[in-house]
Amino acid sequence: MQPQPAFLLHKRPYRETSALVDLLTLDHGRIRAVAQGVQRPGSRSRSRLQPFTPLHLTWVGAGELKRLRLMESTGSAPMLAGEGLLCGFYANELLTRLLPLELPVAEVFAFYGAAMKELPLPGERAGALRRMEFALLEALDAEPVFCDLDGVELDPQTRYVYRADARRFSPLAPGHAGGLDGRTLKLLEQGDWAAPGLAAPARSLARAALTPLLGERPLRARELMQQLAARRRSG
Amino acid sequence: MSFSPLVDRLLESLRVLPGVGPKTAQRMALHLLEREREGGERLASVLAQALAEVGYCQRCRTLTEEELCGLCRSTRRDERLLCVVESPADMLAIEEAGGYSGQYFVLHGHLSPLDGIGPEDIGLDLLEARLAEDGVDEVILATNPTVEGEATAHYIATQLTGRQIRLSRLAYGVPMGGELEYVDGGTLSRAFNGRLPFSGE
């Protein structure tokens with residue numbers, strides 16, 4: 001096979017010198033494989049096979065669990081540190097949890113790759129993650145449809161809440177706080193993430209759409225980010 | 001062919017050791033049973049005792065059967081320096097390299113959200129309590145240069161905000177006697193960014 005562009009999502013030790021890895025690949029989506037010998041001290045692939053680094057891989061095996069053959073890193077890894085690193089963990093945890101094995105998701109791969117380049121820059125992080133999240137929602141056929149429950153276009157003046165079960169919006173009952181107004185939702189529909197004031201609504205919409213897919217178990221990377229943010233506020 | 005049930009159980013048990021497969025386990029078991037019964041008894045009793053008694057040092061969390069390990073009790077070690085490492089093996093490596101005279105804190109792991117390992121699982125609350133006592137001037141972050149090690153370092157740095165404690169991280173560099181051509185790109189670029197003024201002497 002031709003070497004596939006890929007990213008390492010997760011690696012855990014397997015036996016003594018091998019590792020079980022979850023990878024995001026361009027044409028094959030998420031795959032799971034055994035990387036033999038990478039945990040051996042001094043192994044060259046050990047330092048190569050790191051998360052957030054663009055890789056080129058080949059593997060063998062038709063079953064669910066592949067065996068990695070060739071591993072090469074291409075380009076230099078972005079130096080993720082601090083907040084950007086936690087965002088990277090968040091992206092990896094999200095994809096590991098939600099992507100079924102071997103569902104081709106070229107678009108998610110593209111946005112993930114782009115996000116890895118943008119995460120070192122604080123101003124770009126939120127936008128990069130949102131683009132990846134919405135690509136993921138689309139790939140899973142769970143993206144929000146910007147109209148109300150009856151399929152009617154959203155009214156710019158009305159406030160709406162997202163109904164994940166129907167993937168549509170219903171008007172907020174009068175007297176309730178919160179929700180998103182129709183004008184904001186229209187901007188989100190156009191993918192206009194950079195418009196001022198859109199970061200928070202985009203995040204809450206993405207979260208509302210992702211939560212039912214994630215089920216009960218919370219995302220640990222998000223918890224960690226919240227813990228750190230709380231600490232920084234109190235410190 | 002198989003031996004008696006007890007011998008088979010011994011073979012099976014020996015295989016919990018790293019690097020020991022069926023063949024090695026058989027060699028070890030036969031050696032103990034046939035040629036080294038005395039040594040085997042010693043091994044069995046020391047192993048049982050160690051498993052029952054060895055725990056974590058209350059101060060630095062390294063392995064010890066005492067309340068405080070030798071390093072923490074020593075008056076020769078500089079209490080103002082604290083080096084945070086991921087494992088007792090890392091601590092030994094630094095000790096063997098020499099040149100460090102401060103104390104340690106052993107995490108026994110690193111932060112890894114995808115494996116569900118959070119700050120409490122690696123004793124970061126204990127570290128914080130230790131740092132709240134006065135007396136530490138500098139914390140040296142010697143977690144591994146992996147993404148998880150980096151995340152752990154970041155968390156500890158956040159714990160330290162607002163305290164008058166210096167924070168440093170081990171430098172990235174080219175290995176001694178190595179050749180640049182064969183150094184991986186990540187290490188090389190970090191070594192480049194962290195280059196130091198050249199001093200002739």
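Below, read A as the first sequence line, B as the second, and so on, with proteins coming before strands; counting in each chain starts at 1.
Only the side chain of A:L86 comes within less than 4.5 Å of a heavy atom of chain B; its backbone N, CA, C and O stay farther away. If you measure heavy-atom distances from A:Q227 to chain B, the contacts under 4.5 Å come from the side chain alone. With a 4.5 Å cut-off on non-hydrogen atoms, B:I117 touches chain A through its backbone but not through its side chain. With a threshold of 4.5 angstrom between heavy atoms, A:E93 approaches chain B through its backbone and through its side chain. In this structure, the portion of A:L9 lying under 4.5 Å from any heavy atom of chain B is its backbone and not its side chain. With a 4.5 Å cut-off on non-hydrogen atoms, B:V183 does not touch chain A at all.
Taking 4.5 Å as the limit, every side-chain heavy atom of A:V60 sits out of range of all side-chain heavy atoms of A:L68. Taking 4.5 Å as the limit, every side-chain heavy atom of A:R167 sits out of range of all side-chain heavy atoms of A:R163.
Pairing each heavy atom of A:R32 with each of A:D22, the nearest pair is NE-OD1, 3.2 Å. Between B:V147 and A:P51, the shortest heavy-atom distance links the atoms CG2-CG, 3.5 Å. Nearest heavy-atom pair across B:I94 and B:A142 is CD1-CB, 4.2 Å.
Counting heavy-atom pairs closer than 4.5 Å to chain B, the top-ranked of the candidates A:N92, A:L85, A:T17 is A:L85. The most heavy-atom pairs under 4.5 Å with chain A, out of B:E150, B:H154, B:R163, B:Q159, come from B:H154. Contact tally against chain A (heavy-atom pairs below 4.5 Å) for B:T146, B:D115, B:L188: the top residue is B:D115.
Taking the six-membered ring where the residue is Trp, the centroids of A:F134 and A:F111 are separated by 6.0 Å or more.
The existence of a salt bridge linking A:E223 and A:R220 is confirmed by a sub-4.0 Å separation between a basic side-chain nitrogen and an acidic carboxylate oxygen.
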